Number of protein chains: 2
Amino acid sequence: MTVTIKDIAHASGVSYSTVSKALRNSPLVKPDTKKKVLQVAEQLGYTPNFAARSLASKKSQTIGLVWPTIERIALSALVTKINEVVEKNSYSMILSVNRAKEAVELFKSFRVDGIMIFEEGGETQLSDDTGLTIPILSYGVSGEHTHPIIDVNHKKAIYKAVAYLYQLGHKNISYVGDLSPADKRQIEKSKGFEEVMMEAGLKLSRNSILNTNGLSWYNGYTAAKKLLQQTSKPTAIISGSYDISVGILRAVKEQQLSIPEDLSLISYDNIPQMASLETPLTSVGVPIDQLAHKMVDSLLSLIREPGSIPLTQKMDPELNVRMSCASPAVLGKENN
Amino acid sequence: MTVTIKDIAHASGVSYSTVSKALRNSPLVKPDTKKKVLQVAEQLGYTPNFAARSLASKKSQTIGLVWPTIERIALSALVTKINEVVEKNSYSMILSVNRAKEAVELFKSFRVDGIMIFEEGGETQLSDDTGLTIPILSYGVSGEHTHPIIDVNHKKAIYKAVAYLYQLGHKNISYVGDLSPADKRQIEKSKGFEEVMMEAGLKLSRNSILNTNGLSWYNGYTAAKKLLQQTSKPTAIISGSYDISVGILRAVKEQQLSIPEDLSLISYDNIPQMASLETPLTSVGVPIDQLAHKMVDSLLSLIREPGSIPLTQKMDPELNVRMSCASPAVLGKENN
DNA sequence: TTGTACGCGTTATCAG
DNA sequence: CTGATAACGCGTACAA
């Protein structure tokens with residue numbers, strides 16, 4: 001039999017409405033009574049019923065996080081951090097690994113106070129809410145969108161990567177990433193690369209931008225393999241994501257090449273996992289701490305007051321130097 | 001303004017109890033009315049209120065999954081699969097990345113119908129529920145436990161790994177894993193190794209079982225590095241987990257050794273990520289499809305009828321051959 | 001087959 | 001400060 005506030009009221013000799021107040025730490029109850037009630041609640045093993053609470057208060061103190069791509073691990077550290085920040089703000093967080101549409105439906109049913117969406121790949125077009133409307137915040141790419149998003153300044157990221165490589169002496173740099181038109185974020189990365197290279201006066205050849213046709217490690221692997229088998233190889237590669245980098249590493253190994261001796265590699269995604277690869281990679285991206293705080297603060301602000309944050313907020317990426325870059329080999333090496 | 005069944009009732013000219021029945025697809029309503037009600041509901045953009053539904057029915061049709069170690073990616077594929085199976089059974093699933101204790105509290109507040117716990121490392125002792133009691137199923141190691149668990153037959157796994165290596169000609173096999181007494185699962189793995197080696201008549205030296213003192217890739221890395229620097233190296237290693245294997249790979253690379261030419265490696269954890277490593281690893285473990293089905297079926301059965309499943313269920317592991325094992329090098333090589 | 005009425009556990013609004 | 005009491009949205013006996 002479940003313990004309710006009525007049971008507590010009975011056991012502690014006050015009315016259940018007083019119990020309710022005491023449990024919510026209302027200033028309207030005498031400290032003595034409050035203490036007693038809490039004690040009894042503890043003793044009885046009381047667990048609040050969110051369903052009832054949410055039904056009565058129209059608030060759930062919970063936010064939902066949609067994360068359909070848990071296999072793409074680039075985000076797991078971010079999720080953990082976000083959870084931490086959420087709790088610090090005395091909210092709870094629940095996740096769903098369903099596709100965005102289904103997950104949002106689920107969260108709506110739960111009447112979460114706000115929703116965060118992590119989508120990599122094709123962004124779902126969320127139907128205009130005919131019914132109830134819940135604050136939604138996406139970690140996504142700028143463009144047409146009705147919900148606010150937190151985005152990364154992709155061009156700046158690419159800029160930092162290219163500048164770093166340039167300073168090491170690289171002129172022949174390739175970008176390897178997914179170019180499928182459905183994924184705006186990936187498009188933006190490659191376009192940024194194009195622009196930065198132009199601005200730096202570095203020439204773009206046919207091999208400068210390589211389409212992996214997908215975001216999995218295998219796509220990166222096949223693309224890199226093709227690239228590395230050619231006679232005129234780049235001296236440095238910028239990879240569009242963690243997973244693609246994993247594939248590139250594999251291809252590099254199979255071609256008996258060494259990083260950074262034969263090839264420098266910078267990866268997108270500034271995550272801890274970069275350091276634990278068989279070859280630790282230098283990377284660019286927004287530090288997860290910053291991202292987590294920005295996202296949670298924004299969503300909570302949105303919950304408090306609709307329209308209180310800009311539709312687009314861009315975060316500044318940073319370069320995280322590890323050991324996968326070096327000055328390009330001397331000329332003779334090119335005939336390899 | 002949120003749409004409720006009363007609104008639907010009003011708009012479609014029936015009572016709201018009829019609407020309720022229609023929405024739940026009860027046989028007690030005429031198909032005509034049912035169709036009409038559903039249509040109106042759709043039109044109005046109705047979203048059921050789980051809070052209310054759960055309050056009234058005392059069921060949430062939702063299970064909670066506790067997963068504090070999302071960084072340890074070995075389980076992400078399993079989680080996705082479980083979600084799939086759960087939905088197929090017309091339940092929903094929500095996740096929490098909190099520590100088990102907090103997560104269970106959260107889920108209890110939500111009145112989920114059942115809870116699954118994924119803990120790697122120290123298993124939390126859940127307090128005896130003074131209050132409400134929810135079916136809990138753990139993915140854990142056998143031992144003292146009050147909640148039912150799904151476990152892996154670790155000894156069999158090790159047996160398969162050793163047998164495979166033995167057949168390839170290996171006699172000098174080491175196990176590299178975490179031996180911290182807090183983690184029963186890891187203990188069981190290493191003990192299994194010991195037993196199997198004894199039974200196979202293979203001798204155990206001081207280097208046969210190596211304690212990584214932790215489960216992260218870095219722990220695997222330092223342990224392997226120490227091992228590989230010695231003059232008498234094993235010809236094959238069995239690694240206790242995916243992450244540890246990642247570390248071993250890194251150490252192997254730094255020592256300028258090749259897999260499988262200089263060293264064979266089999267990893268625990270039968271997950272897709274094994275194939276995408278820079279060096280794809282042969283692995284042993286329970287196929288995730290089987291695991292997912294067993295876990296979901298067991299929990300649902302537990303929800304339907306408490307005590308309807310055994311306290312411990314062991315799953316049979318399988319060997320997944322990739323390319324990280326070969327016959328040991330000829331004798332001369334040993335002087336490397 | 002449909003409608004009425006009550007209860008689920010909690011919050012919130014008043015009146016004491 | 002405390003205690004009734006009316007919602008909150010829905011499921012479900014029970015009545016019609």
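Model, not experiment: these values are computed from the prediction. All chains are named by letter (A, B, ...) in the order of the sequence lines, taking the proteins before the strands, and each is independently numbered beginning at 1.
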d([atom1], [X]; [atom2], [N]) in whole Å:
X      : N      : atom1 : atom2 : result
B/D7   : D/dC8  : CG    : P     : 11 Å
B/R53  : C/dG9  : CZ    : C1'   : 18 Å
B/F50  : C/dG9  : CZ    : C1'   : 19 Å
A/F110 : D/dC10 : CZ    : P     : 15 Å
A/R111 : C/dG9  : CZ    : C1'   : 17 Å
B/N49  : D/dG11 : CG    : P     : 10 Å
B/L55  : D/dG9  : CG    : C1'   : 9 Å
B/K6   : C/dG3  : NZ    : C1'   : 14 Å

Need the bend value for the helix from C/dT1-D/dA16 to C/dG16-D/dC1: angle between end axes, 5 pairs each end, nearest 10°.
40°
Any pair counted as salt bridge (charged side-chain N to carboxylate O under 4.0 Å, His left out), so long as it reaches residues 285-294 of chain A, sequence neighbours left out
A/K81-A/D289
Short side-chain N/O contact to C/dA12 OP1/OP2 from A/K58, under 4.0 Å
no
B/S20 side-chain N/O to D/dG11 phosphate OP1/OP2 under 4.0 Å
yes
So, do A/M315 and A/Q290 sit near enough that their side-chain heavy atoms are less than 4.5 Å apart?
yes
Starting the side chain at C-beta, find the nucleotide from C/dG9, C/dT11, D/dC10 nearest to A/R24.
C/dT11
Can you tell me if [X] and [Y] form a side-chain donor-acceptor pair at under 3.5 Å?
X      : Y      : answer
A/S15  : A/T18  : yes
B/S301 : B/S308 : yes
A/Q313 : A/S298 : yes

A/S60 side chain to A/R111 main-chain N or O, any donor-acceptor pair under 3.5 Å?
yes
Not counting sequence neighbours, list each pair that qualifies as a ring-ring contact (aromatic ring centres under 6.0 Å, His included) and has a residue in residues 15-36 of chain B.
none
One character per nucleotide, please: for nucleotides 1-7 of chain D, 5' to 3', B when the base has a protein heavy atom closer than 4.0 Å, S when only the sugar-phosphate does, - otherwise.
SBBBBB-
N/O donor-acceptor pairs under 3.5 Å from side chains in residues 32-39 of chain B, not counting sequence neighbours:
unit_1, atom_1, unit_2, atom_2, d
B/T33, OG1, B/K30, O, 2.8
B/K34, NZ, B/N25, OD1, 3.1
B/K34, NZ, B/S26, O, 3.2

With sequence neighbours excluded, what pairs up with A/F110 under the ring-ring contact (aromatic ring centres under 6.0 Å, His included) test?
B/F50, B/F110
